[in-house]
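In what follows, chains are A, B, ... by sequence order, proteins preceding strands, each numbered from 1. Values in this document were obtained by computation on a predicted structure and should not be read as measured data.
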Amino acid sequence: MAMMRYAEALNLALREEMARDDSVFVFGEDVAAYGGVFKVTQGLAEAFGDRVRDTPISEQTLTAMAVTAAMAGSRPVLEIMYADFLPLSLDALINQASVYHYIWNGQVSMPFVLRTQGGGGVGTGAQHAKSLDAMVAHVPGLKVVAPVTPADARALLKAAIRDPHPVIFLEHKLLYNLRGEVPEEDDAPGEIGRARLVREGGDVSIFATSRMVLEAEKAADDLAGDGIAAEVIDLRSLRPLDLGAITASVAKTNHAVVVNEGWRFCGYTAELAATIMDRAFDDLDAPVERVATRDMPIPYAETLEREVIPDAAAIAAAARRALA
Amino acid sequence: MAMMRYAEALNLALREEMARDDSVFVFGEDVAAYGGVFKVTQGLAEAFGDRVRDTPISEQTLTAMAVTAAMAGSRPVLEIMYADFLPLSLDALINQASVYHYIWNGQVSMPFVLRTQGGGGVGTGAQHAKSLDAMVAHVPGLKVVAPVTPADARALLKAAIRDPHPVIFLEHKLLYNLRGEVPEEDDAPGEIGRARLVREGGDVSIFATSRMVLEAEKAADDLAGDGIAAEVIDLRSLRPLDLGAITASVAKTNHAVVVNEGWRFCGYTAELAATIMDRAFDDLDAPVERVATRDMPIPYAETLEREVIPDAAAIAAAARRALA
Amino acid sequence: MTANSPSEQELLEMHRRMVLTRCLEETLGEMHKAGRTRGPIHRCDGQEAVGVGATAALAAEDFVTTTHRGHAVYLGRGLDPRRVVAEIFGRETGYCAGRGGHMLLGDVETGMLGGNAIVGASIPAATGMALSMQLQGAARVALAVFGDGAAQTGICHESMNIAALWRLPVVFLLEHNAYGLTVHHSAQSSVPELSARAAGYGMPGETIDGNDVVAVFQAVAQAVQRARRGDGPSLIEARTYRLEGFSTSDMGGYQPEDEIAKWRARDPIMLSRARLAEALGAARVAACEAAARAEMDAAFETALADPMPGFTPHAPSAPYSEPPDGGGR
Amino acid sequence: MTANSPSEQELLEMHRRMVLTRCLEETLGEMHKAGRTRGPIHRCDGQEAVGVGATAALAAEDFVTTTHRGHAVYLGRGLDPRRVVAEIFGRETGYCAGRGGHMLLGDVETGMLGGNAIVGASIPAATGMALSMQLQGAARVALAVFGDGAAQTGICHESMNIAALWRLPVVFLLEHNAYGLTVHHSAQSSVPELSARAAGYGMPGETIDGNDVVAVFQAVAQAVQRARRGDGPSLIEARTYRLEGFSTSDMGGYQPEDEIAKWRARDPIMLSRARLAEALGAARVAACEAAARAEMDAAFETALADPMPGFTPHAPSAPYSEPPDGGGR
Ligand SMILES: Cc1ncc(C[n+]2csc(CCOP(=O)(O)OP(=O)(O)O)c2C)c(N)n1
Ligand SMILES: Cc1ncc(C[n+]2csc(CCOP(=O)(O)OP(=O)(O)O)c2C)c(N)n1
Ligand SMILES: [Mg+2]
Ligand SMILES: [Mg+2]
């Protein structure tokens, strides 16, 4: 076991996979010489030379190149600096990556990873603070993961790199400095598609993603003060979903809150709410409560931004509504 | 009243609004000399000259230009030939159009319309048959409408052009030849945000969008054979939703089926199902049934395509499941 | 004779593939009129020299990507006509078991990866394959075929910049047929000669006669050599013309008759036939053409008798299914 | 003296605005060190001549769009320093009531529409405004300021092609400061001189000294005249240098010391000061600078005392609310 930052855990996973498999390469803006603006790729260029490349600012083409470099035998790991730029990647994801495995009748697989980071809270403004999880999760053929702990960051990035299909790997700007135990000796990849039970509880299930898991934990603390036992589940994998974990928890608590930092309307919480209704309708004593970012651009000023992005208080309030 | 094709009704609306307001202009691929590949803009170039422009194949920039041309005092109507290309427009929609009205504190409005057409059923293949409604409906500050009848096509396009905010106008390749009555003498714009009651019924509510409304009507016929009275509601406006119409219908029938031609996971039916649960939980006797396109690329061969895109049979089966 | 001059045998084979393509297009035209095709079909009559000449200049292990109008590339690359026709008609025996159709045909065996109906997408596609080859240290080249309309897309610019910057082994072949859908290039492109843009990326650019299969072969062969040597990409603008309209759903009216006539007089198959007849005698050429015609006829006959695919949700659609136990409708 | 030569008064005013900008940047740097800024701030120290010289060449009714590094454009365009500072510190009195921050500042009054933090987005933004002006028959021009990194984006290509094709009244001003974030232009761009790309669109292109405010003014004034005449767009590449790193979150280490020193010796404010001192006397220039400094200090003092905005969900956020009765969390 070693304590390390989330960003360091990602760096470790990249190093391990690049050392293990020559076909893995890393590219993106500022990832080589500078080591990435969040320092996730630090030192990789020194260790792996040309397999780590700084690129021009051309997200659309870089994503399309990841798809076909993967078809041609490489395992690209592309860094898109902010999730806000995912719209630039979407054509390649929807009209290329999503298509070929099925349409070409299984002739090709596309083992690439698109790493990006989203989320707000630090005054980066409307074009650098969004979570567009729902947009990528909507695309068939993509897997979407969003680890919260350093250990999961490492294990799931390794799994993503080894996966024969495209994986969108969602990080969060406020997670990079989070420290946690990482079992250095165990270098097995994680399993994509499994949720993580963060905290057990019998009264209400809170299903959250990415940094919202930390807010959900705080909300659970708050609720505990009122004698409410909240179960907190970190979904980890946004697609595919761990349906077993979800339905088992709702069967126990009969109340559910779903939390995601993206916008609400047509957002990721809609799928979670609809899926829970579909799979656990008879277990539900109240409608699933959705906690999401307000349906508006994210303002710069701190006094405004904090009203727009969800926090522990909003989650606790939703849990209380569910139980009311 | 005049009988006309859906495409003709759109053409009429464009003519009327261009004649009424000099600031309206139309641009897009093949819209001028050829009159549009679906002939919606036929004759406009002859009538309005330079205000109708053929463009290079540059969707990303064309969309961004629509945003700022609108800011600068024009009312652009941009045609994006296939909804499959909406990913190319998304950066301009999410990172530009969505942003400015709020972020600039109300200094600007952006009265532009993005017309496009989606949907499958005629062998156009994985890159020309999709419905990406959920992607645009997710973006705050955009309105999204999808008329089904020629009368609504005309009235809502006029409303969209006059709206001070961006409107995404979703057509369907299989609707263009649909004929219907259009009240030529009444040239008032429609009202965005109002659903249309297509058929009354007391047993189950079917909420559908675009061409799926026609399939829902066929499903209702089929269900009627079994003595099941289905209420069919054409949402018309995907954002904003007509919540009153939705909750009133569910209060009456206690069962709901939601239908959209986009993919299921994180798709538009998820929002509908979640919203209905949220607003009408106590009225629901069964979970909301979702009918959507299978989560996979749309195959070319007819034998495959028809298994992937929803039809009346799938809708009727969902209604029967809801009532089971 | 330059180092890139095709042998007589190669010339005859290119001719055969052009004729094969023309037979495919003409039969598709008839089938369309008879109401037997599904979805739009983009014929390349008059442009066969581009796809055929270019693919003839590739090695077996090279890659090629093409557009919605890729029939000459498919057959130029040596794909089996029967399986091409089967794919166009959505049969289980098609290259993609009917899932792709004529615009999205892909074949891993021959590196034909693949047709692409998003305008411009063939460009970054080939560039990505070239990057993979460079990283793998493989002397394999990727050829991107794309249209004059596609040259105006953002990904064309981004790809050319990246390819030139990194000296990727890719060849950019701009198939300039004067129109992007119904719009003349003068209303789409700010410059009449698109090869002029190569200078903005510091790579060689030239405009050639795209109706001369030998000129195409030679220009592409030279660019392929350059790429294989590690000297980076080139841009070749092959001027040609689309004789049969944009697609089977084209309502026509925008291609002037005299323009069509002018280009019909320079039909690439006619030009090639004349050249070959001189070298090999008219009889040998006629025999070659007849064989090609017969081969394509047989391809249609067999393919049309092949079965349509049945829907089996989970093979190879497994990665798409969500939730795991079914998803979909 | 050409027709585009600024008067002495204009020169002094440009100098004042450059100094105003430098004071803003330096004070922001101090505030950042003191932990009083929020989010990244992109300073333009050393590049002031580009934004200031260019906006000085515009008429009052023209439009300008800029980047995440737009301070010289804001102040060059004559925006009120107090409201600029207020916006940077998220105050209710800022140009956007604190909603935009320093990267997304917009002001309809002056046509400063606006800063943009999506790299490249200022280019189609200005092009769209120019299209609107052309259609309205207005003799108003749109100026797009963008970086050398932005020149590699697809929208740059698409916009230049469309603007040249339609002869739109737009001026493309490429502010080449040698880096895109931390990456040197030689690792981003396939050609050393980006003005070379203008030829690919059939428009004039030139590379100028971006640290000489007069050179910038003259080049932009000429391009603006051309655009206003209806002769279409131009590309101006202004070579300059970013003295203070990418942003306040830059960890440095990639800009060589001797490179910085070389450019520091050509500081645009120094160059302008020397020229003006010769013409007007050092005292007058010093007085002008002191006044600018005082104005910016006052702007900070007032702005920092201004209130933060309070959250009111529905004004002007009405079009966003969904469902109508609240939405959001
Ligand atoms: C991104 C995108 N925009 C628009 C279309 C519709 N479309 C299909 S082909 C075509 C014209 C392409 O012109 P060109 O690249 O010259 O190819 P050609 O058809 O002439 O072979 C258009 C606009 C598309 N398929 N993809
Ligand atoms: C589409 C997009 N990609 C990446 C970024 C992150 N980013 C912000 S500024 C920048 C560098 C821009 O370089 P340049 O255009 O030269 O402007 P400069 O910072 O030098 O003024 C990058 C990569 C972004 N904001 N938008
Ligand atoms: Mg063409
Ligand atoms: Mg720069």
Chemist: Mind listing the closest non-hydrogen atom pair of F281(B) and L284(A) along with its distance?
Modeler: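 Taking every non-hydrogen atom into account, CZ-O, 3.7 Å.
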Chemist: Out of A126(A), A280(A), C266(A), G125(A), return the one with the most heavy atom pairs under 4.5 angstrom to chain B.
Modeler: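 Counting heavy-atom pairs under 4.5 Å, the top option is C266(A).
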Chemist: If you count heavy-atom pairs under 4.5 Å with chain B, which of P87(A), G141(A), G262(A), P287(A) comes out on top?
Modeler: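 Winner by heavy-atom pair count: P287(A).
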Chemist: Heavy-atom pairs under 4.5 Å with chain B - which of V288(A), I298(A), L304(A), L93(A) has more of them than the others?
Modeler: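 Top count of heavy-atom pairs under 4.5 Å with chain B: V288(A).
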Chemist: Counting backbone as well as side chains, what donor-acceptor pairs lie under 3.5 Å between chain B and chain A?
Modeler:
| unit_1 | atom_1 | unit_2 | atom_2 | d |
| --- | --- | --- | --- | --- |
| D84(B) | O | N95(A) | ND2 | 2.8 |
| N95(B) | O | Q127(A) | NE2 | 2.9 |
| N95(B) | OD1 | K130(A) | NZ | 2.5 |
| N95(B) | ND2 | D84(A) | O | 2.8 |
| Q127(B) | NE2 | N95(A) | O | 2.9 |
| K130(B) | NZ | N95(A) | OD1 | 2.5 |
| H138(B) | ND1 | F265(A) | O | 2.8 |
| H138(B) | ND1 | C266(A) | O | 3.3 |
| R264(B) | NH2 | D278(A) | OD2 | 3.2 |
| F265(B) | O | H138(A) | ND1 | 2.7 |
| C266(B) | N | E271(A) | OE1 | 2.6 |
| C266(B) | O | H138(A) | ND1 | 3.3 |
| E271(B) | OE1 | C266(A) | N | 2.6 |
| E271(B) | OE1 | R290(A) | NH2 | 2.8 |
| E271(B) | OE2 | R290(A) | NH1 | 3.1 |
| D278(B) | OD2 | R264(A) | NH2 | 3.3 |
| R290(B) | NH1 | E271(A) | OE2 | 3.2 |
| R290(B) | NH2 | E271(A) | OE1 | 2.8 |

Chemist: Specify the closest pair of heavy atoms between A274(A) and A273(B), including all atoms of both residues, with the distance to one decimal.
Modeler: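 Between these two residues, the closest heavy atoms are CB-CB, 3.8 Å.
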Chemist: Can you name the closest pair of heavy atoms from L238(A) and F265(B) and give their distance?
Modeler: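 That would be O-CZ, 3.4 Å.
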Chemist: I'd like to verify something: which residue of V139(B), I103(B), L86(B) has the highest number of heavy-atom pairs under 4.5 Å with chain A?
Modeler: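 With the most close heavy-atom pairs to chain A, the winner is I103(B).
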Chemist: Heavy-atom cut-off 4.5 Å, strictly under: side chain, backbone, both or neither for I276(A) against chain B?
Modeler: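 Neither part, no heavy atoms under 4.5 Å.
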Chemist: What distance do L90(A) atom CG and I94(B) atom CD1 have between them, rounded to the nearest 0.5 Å?
Modeler: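 L90(A) atom CG to I94(B) atom CD1 measures 7.5 Å (nearest 0.5 Å).
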